[in-house]
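Here the structure comes first, spelled out in structure tokens, and everything after it is commentary.
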Amino acid sequence: MDFLSVVSGAIGATLLTCIFNLWSKNTDYKNDYYRKVIDKRLKAYESLEKIAGVFESTRCDFATDKITLAEVETECHSCFTNRFFVARTIKKIGEINDQSLWISSKIHNKINEINDLLLSCSEEAIDFNLQESNDSELEIIRFGVDNFSKINKMHIELRRLIANAMMILYDVKGFLKERGNDLKNSVLKK
């Protein structure tokens with residue numbers, strides 16, 4: 001073997017090692033990035049689960065000390081049992097909207113639909129200042145009862161969307177591509 005063969009072999013091996021190391025570092029970087037995206041998404045979905053939980057149905061007894069609508073129990077979502085819960089739910093939805101980058105567009109749209117419905121209950125009844133008022137309490141409960149089936153459908157759809165998103169949470173590349181397309185389309189519509 002001559003000196004030139006040995007040197008060219010060493011240079012070739014060094015180049016292959018460098019190329020492999022660059023490829024490996026790039027893969028590690030992408031994997032770390034995907035891990036961080038998944039962590040952000042998991043936090044957002046944990047918040048979504050908390051919101052979905054306040055829409056579990058409960059029995060509302062209107063024959064209480066403060067409110068006498070009828071001596072009947074009827075179905076209502078737990079967040080409508082008093083105005084404090086409604087105000088807290090709207091606040092939590094606002095916090096989820098701060099994390100909207102990490103949830104699917106379909107879920108974000110469903111959350112906004114629920115938020116719009118909650119906000120359609122008069123601000124006076126929600127009473128963000130949390131002052132005592134039996135009339136606003138009654139209005140909140142009536143709103144919850146009157147809109148039970150509509151809210152229940154939204155709740156079921158939200159749960160379905162969350163479950164579907166959780167099944168493909170690992171697909172960061174697909175999620176980022178979908179979000180990019182959604183953002184691009186929303187800008188083009190304006």
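Because the structure is a prediction, the values reported are computed rather than measured. As a basis for the values below, the full set of heavy atoms in this structure was taken, side chains included, without hydrogen atoms, waters or symmetry mates.
- Residues L42 and I168 do not share a hydrophobic cluster, clusters being chains of Ile/Leu/Val/Met/Phe/Trp/Tyr side chains in contact below 4.5 Å.
- Distance OH/Y33 to NZ/K173: 12.0 Å, rounded to 0.5 Å.
- With sequence neighbours excluded, no residue forms a side-chain hydrogen bond (donor to acceptor under 3.5 Å, both in side chains) with E95.
- Expressed to the nearest 0.5 Å, how far OG1 of T27 lies from CG of D32 amounts to 11.0 Å.
- Under the 4.5 Å side-chain heavy-atom criterion for grouping Ile, Leu, Val, Met, Phe, Trp and Tyr, L119 is connected to I111 within one hydrophobic cluster.
- Checked for salt-bridge contact, D28 and K25 miss the test: no charged N lies under 4.0 Å from a carboxylate O.
- Rounding to the nearest 0.5 angstrom, the gap separating the CD1 atom in I103 from the OG atom in S47 is 9.5 Å.
- Scanning all heavy atoms of the two residues, the minimum distance from S104 to E178 falls at CB-OE2, 4.0 Å.
- Side chains of R159 and E49 form a contact here, defined as non-hydrogen atoms less than 4.5 Å apart.
- Between K110 and E113, at least one side-chain N (NZ, or NE/NH1/NH2) sits under 4.0 Å from a carboxylate O, which counts as a salt bridge.
- Considering I90, I51, T89 as possible partners of N115, the one that fulfils the side chain to side chain contact (heavy atoms under 4.5 Å, CB included) test is I90.
- Checking D146, I140, N147 one by one against F143, the side chain to side chain contact (heavy atoms under 4.5 Å, CB included) holds for a single residue, N147.
- When all heavy atoms of Y34 and V172 are compared, the pair lying nearest together is CD2-CG1, 3.5 Å.
- When atom types are taken as modelled, the side chain of S24 and the backbone of N21 share no donor-acceptor pair closer than 3.5 angstrom.
- By the 4.5 Å heavy-atom criterion applied to side chains, L158 and F55 are not counted as neighbours.
- For R41 and E46, the salt-bridge test fails: no basic side-chain N is under 4.0 Å from an acidic carboxylate O.
- The closest side-chain heavy-atom distance from H108 to N97 is below 4.5 Å.
- Taking the side chain to side chain contact (heavy atoms under 4.5 Å, CB included) definition, one finds that T14 meets it with C18, sequence neighbours left out.
- Residues I96 and M154 share a single hydrophobic cluster, defined by chaining ILVMFWY side chains whose heavy atoms lie under 4.5 Å apart.
- Transitive grouping of hydrophobic side chains (ILVMFWY, heavy atoms separated by less than 4.5 Å) keeps L176 and Y170 in distinct clusters.
- Ring geometry, W23 versus F20: the interplanar angle falls from 30° to 60°, so the pair is classed tilted.
- Side-chain contact between V86 and R88 is absent, with no heavy-atom pair separated by less than 4.5 Å.
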Inset, instruction - Show your working on side-chain contact (heavy atoms from CB on, under 4.5 Å) between I156 and R160 and close with a plain yes or no. - result: CA-CA 6 Å; I156 290 167; R160 187 187 66 75; 5.6 Å; no
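- Within the model, atoms CG of N26 and CG of N31 stand 9.5 Å from one another, a figure rounded to the nearest 0.5 Å.
- Put simply, the side chain of H155 gets close to the backbone of A52: a donor and an acceptor are under 3.5 Å apart.
- Side-chain contact check for R179 versus W102: every heavy-atom pair is 4.5 Å or farther apart.
- A heavy-atom distance below 4.5 Å is found between the side chains of L48 and Y45.
- The hydrophobic clustering, which links ILVMFWY residues whose side-chain heavy atoms are closer than 4.5 Å, places L161 and I38 together.
- Distance check: S100 OG to N112 CG gives 8.0 Å after rounding to the nearest 0.5 Å.
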